[in-house]
Trainee: 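Right, I'll just put the structure down here and ask away after.
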Amino acid sequence: MGIVRVSRDNYRMLWASMTMISQIKTYFCRFTVIHVSGSINKCQKAAIQNDKRLILNLCRAELKPGAEYTVGVKEKKFLMDSESSIKALDP
């Protein structure tokens with residue numbers, strides 16, 4: 001996950017360019033824009049929400065069909081670590 005800063009006039013060009021990238025050197029990759037905002041604070045909040053959604057989806061995928069999911073200590077710690085590392089990006 002990364003945050004890219006670009007002027008308002010050029011964000012669509014950057015978005016289109018990043019969408020076309022499929023490989024960097026010998027590594028295959030894919031860029032997905034999850035949020036566009038005018039402030040770093042809003043981008044950080046969106047990154048935290050996206051991390052939470054991804055982690056919870058991964059945890060649910062490990063369950064057997066029909067089982068109920070509850071967030072455990074391990075998941076809570078992972079979510080808190082993720083949130084603190086994203087907040088550490090503050091300039």
Trainee: In Å and rounded to the nearest 0.5 Å, what is the CE to CE distance from Met18 to Met13?
Mentor: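 The distance works out to 14.5 Å.
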Trainee: So, do Arg30 and Thr32 sit near enough that their side-chain heavy atoms are less than 4.5 Å apart?
Mentor: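 Side-chain contact under 4.5 Å: yes.
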Trainee: Kindly work out whether a path of hydrophobic side-chain contacts (I/L/V/M/F/W/Y, heavy atoms less than 4.5 Å apart) joins Leu14 to Ile24.
Mentor: yes
Trainee: Give me each pair satisfying side chain to side chain donor-acceptor pair (under 3.5 Å) with a member in residues 5-23, each pair once, sequence neighbours excluded.
Mentor: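 Pairs touching residues 5-23 that pass the test: Ser7-Asn10.
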Trainee: Side-chain heavy atoms under 4.5 angstrom apart, residues restricted to Ile, Leu, Val, Met, Phe, Trp, Tyr: same cluster for Phe31 and Val4?
Mentor: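 They do share one cluster, since a chain of ILVMFWY contacts under 4.5 Å joins Phe31 to Val4.
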Trainee: Looking only at non-hydrogen atoms, find the nearest pair between Ile34 and Ala47 and report the distance.
Mentor: CD1-CA, 4.4 Å
